[in-house]
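From a predicted model like this one, the values you see are computed outputs, not experimental measurements. Along the sequence shown, residues carry numbers from 1. Reckoned from all heavy atoms, side chains included, excluding hydrogens, waters and symmetry mates.
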Amino acid sequence: MTTRMVFSGFGGQGVLTLGQIIATIAMNQGKEVTWMPSYGPEMRGGTANCAVIVSDGPIGSPQVLVDIDVLCALNKPSIDKFLPKVRPGGMVLYNSSLITDALPRSDVDSVAVDATNIASAMGNLRVQNMVMIAGFLKATDLFSINEVKATLQDKFASNPSLLDINLAAIQQGM
C-alpha cells in the first residue's frame with residue numbers, strides 16, 4: 001500500500017515539521033518513505049509545503065503532483081493550490097480556523113480541525129501543527145498516539161518543555 005500526502009500552509013505554521021514527524025513515524029514502522037520540502041525564500045509568512053510518500057514497497061519518485069491521498073492544509077492558499085490534485089475518495093484535513101468556506105468538492109472526505117484557534121487558546125501558535133496531528137490521528141489509521149509520542153520524545157529529548165507543550169497541543173486537538 002502507498003499513501004501520498006501533502007502538508008501545506010504558511011511558513012512558520014510547522015508544516016515541514018508536521019511532514020517530518022509523519023515520515024519518521026512511518027520509517028519507525030519499517031515503511032519506505034520520502035519527504036520532499038518546498039518553501040519560498042521568505043520562510044515565515046510565505047508558503048511552505050512538503051510531500052510525504054509512505055509505502056510498503058520501493059518509491060519511484062518523491063514528488064506528489066497529482067492523485068494526493070491525504071491533503072493537510074493549514075491555510076486557504078493551500079486549499080486553492082492542492083485540493084484539485086486530491087484523488088476522488090481522498091482525504092482533506094483543513095485548518096477550519098483559517099479556512100471557513102465549505103470545500104468545493106463532494107468527492108473527498110473532509111475533516112475540519114480548529115488548529116489555529118486551539119493553539120491560540122493555549123498561548124502558543126507554533127503548536128497548531130500538533131493540533132493537526134490530532135486531527136490526522138482521528139481521521140486515519142496510519143499510526144497511533146503512542147507512535148506520535150515516541151517520535152516526539154526522540155525529537156525533543158534535549159528540551160522536555162517543548163515535548164510537554166507539543167503533547168498538550170495534541171491532547172487539546174483530540
Side-chain angles (χ1 to χ4, degrees), residues 2-27 31 33-55 59 61-120 124-143 148 151-152 155 166 169-170 172-173:
T2 299
T3 305
R4 301 161 53 83
M5 297 172 269
V6 171
F7 301 89
S8 184
F10 293 124
Q13 285 184 298
V15 294
L16 301 181
T17 300
L18 178 55
Q20 281 181 327
I21 290 168
I22 301 299
T24 301
I25 292 168
M27 282 191 310
K31 305 281 187 182
V33 177
T34 62
W35 174 79
M36 185 170 180
S38 174
Y39 51 90
E42 58 275 341
M43 291 289 277
R44 295 207 180 275
T47 60
N49 68 77
C50 65
V52 176
I53 301 174
V54 175
S55 183
I59 299 169
S61 170
Q63 293 185 324
V64 179
L65 302 175
V66 294
D67 296 328
I68 298 169
D69 295 304
V70 179
L71 170 61
C72 186
L74 272 76
N75 63 8
K76 178 76 167 88
S78 297
I79 288 291
D80 296 340
K81 180 175 182 176
F82 293 108
L83 183 61
K85 299 173 184 181
V86 176
R87 69 167 176 78
M91 179 175 294
V92 178
L93 291 100
Y94 66 96
N95 181 357
S96 60
S97 305
L98 302 179
I99 303 165
T100 56
D101 298 334
L103 296 184
R105 285 185 59 184
S106 60
D107 65 339
V108 296
D109 294 326
S110 62
V111 178
V113 181
D114 197 16
T116 303
N117 289 336
I118 290 171
S120 179
N124 189 340
L125 283 175
R126 294 179 56 126
V127 296
Q128 51 192 307
N129 60 346
M130 293 299 116
V131 178
M132 290 303 290
I133 280 185
F136 204 94
L137 279 166
K138 290 176 10 182
T140 72
D141 61 356
L142 294 175
F143 53 87
V148 173
T151 300
L152 292 178
K155 183 171 182 59
N166 281 279
I170 292 170
Q172 288 294 315

Fill in: With sequence neighbours excluded, residues passing side-chain hydrogen bond (donor to acceptor under 3.5 Å, both in side chains) with Thr116
Asn95, Gln128

Worksheet entry | Minimal non-hydrogen separation, Leu65 against Lys85, with atom names | O-CD, 3.1 Å

Worksheet item: Rounded to the nearest 0.5 Å, how far does CD of Gln20 lie from CE of Met27?
Response: 9.0 Å

Worksheet entry | Listed partners of Asp141 passing salt bridge (Lys or Arg N to Asp or Glu O under 4.0 Å), at least two apart | none

Worksheet item: What residues, two or more places apart in sequence or in another chain, satisfy side-chain hydrogen bond (donor to acceptor under 3.5 Å, both in side chains) together with Thr17?
Response: none

Worksheet entry | Partners passing salt bridge (Lys or Arg N to Asp or Glu O under 4.0 Å) against Lys155 (at least two apart in sequence or in another chain) | none

Discussion item. Distance check, rounded to the nearest 0.5 Å: Ile21 atom CD1 versus Leu16 atom CG?
Written reply: 11.0 Å

Discussion item. Looking at every heavy atom in both Val15 and Ala48, which two are closest together, and how far apart are they?
Written reply: CG2-O, 3.5 Å

Worksheet item: How close do Ala169 and Met130 get, heavy atom to heavy atom, and via which atoms?
Response: CB-CB, 3.7 Å

Worksheet, complete the sentence: On a heavy-atom basis, the closest approach of Gly19 and Phe7 is CA-CD1, 3.8 Å

Practice prompt. Search all heavy atoms of Val64 against all heavy atoms of Ala51 and return the closest pair with its distance.
Written response: CG2-CB, 3.7 Å

Anything under 3.5 Å between a donor and an acceptor, one on a side chain of residues 106-115, the other on a protein residue two or more places apart or in another chain? List them.
from   : atom 1 : to     : atom 2 : distance (Å)
Asp107 : OD1    : Arg105 : NE     : 2.8
Asp107 : OD1    : Arg105 : NH2    : 3.1
Asp107 : OD2    : Arg105 : NH2    : 3.0
Asp114 : OD1    : Ser97  : OG     : 2.5
Asp114 : OD1    : Asn117 : ND2    : 2.9

Discussion item. Please find the pair of heavy atoms, one from Gly14 and one from Asn129, that lie closest to each other, and give the distance.
Written reply: O-ND2, 3.2 Å

Worksheet item: Do Val127 and Gln172 have side-chain heavy atoms sitting under 4.5 Å apart?
Response: no

Worksheet, complete the sentence: Rounded to the nearest 0.5 Å, the NZ atom of Lys31 sits from the CD1 atom of Ile25 at a distance of 13.0 Å

Worksheet item: With sequence neighbours excluded, what pairs up with Ser55 under the side-chain hydrogen bond (donor to acceptor under 3.5 Å, both in side chains) test?
Response: Thr2

Discussion item. For a 4.5 angstrom cut-off between non-hydrogen side-chain atoms, does Val148 reach Ile133?
Written reply: yes

Worksheet item: Roughly how far, to the nearest 0.5 Å, is CG of Asn49 from CE of Met36?
Response: 9.5 Å

Please set out all donor-acceptor pairs under 3.5 angstrom arising from side-chain atoms of residues 72-82, sequence neighbours excluded.
from  : atom 1 : to    : atom 2 : distance (Å)
Asn75 : OD1    : Ser78 : N      : 3.0
Asn75 : OD1    : Ser78 : OG     : 2.4
Lys76 : NZ     : Asp80 : OD1    : 2.7
Ser78 : OG     : Ser8  : O      : 3.4
Ser78 : OG     : Ser8  : OG     : 2.7
Ser78 : OG     : Gly9  : N      : 3.3

Item to complete: Starting from the C-alpha separation in whole Å, work towards a yes-or-no answer on side chain to side chain contact (heavy atoms under 4.5 Å, CB included) for Gln13 and Leu98.
Response: CA-CA 12 Å; Gln13 285 184 298; Leu98 302 179; 3.6 Å; yes

Worksheet entry | Reference residue Val131; test side-chain contact (heavy atoms from CB on, under 4.5 Å); the match among Ile118, Ile170, Asn166 | Ile118

Worksheet entry | With Asp69 via side-chain contact (heavy atoms from CB on, under 4.5 Å) - residues at least two apart | Thr3, Arg4, Arg87

Worksheet, complete the sentence: Residues passing the ring-ring contact (aromatic ring centres under 6.0 Å, His included) test with Phe143, sequence neighbours excluded, are Phe136

Worksheet item: When rounded to the nearest 0.5 angstrom, what is the spacing between CE in Met5 and CG in Leu71?
Response: 11.5 Å

Worksheet item: Atom CD1 of Ile99 and atom CG of Leu83: how far apart are they, to the nearest 0.5 Å?
Response: 9.5 Å

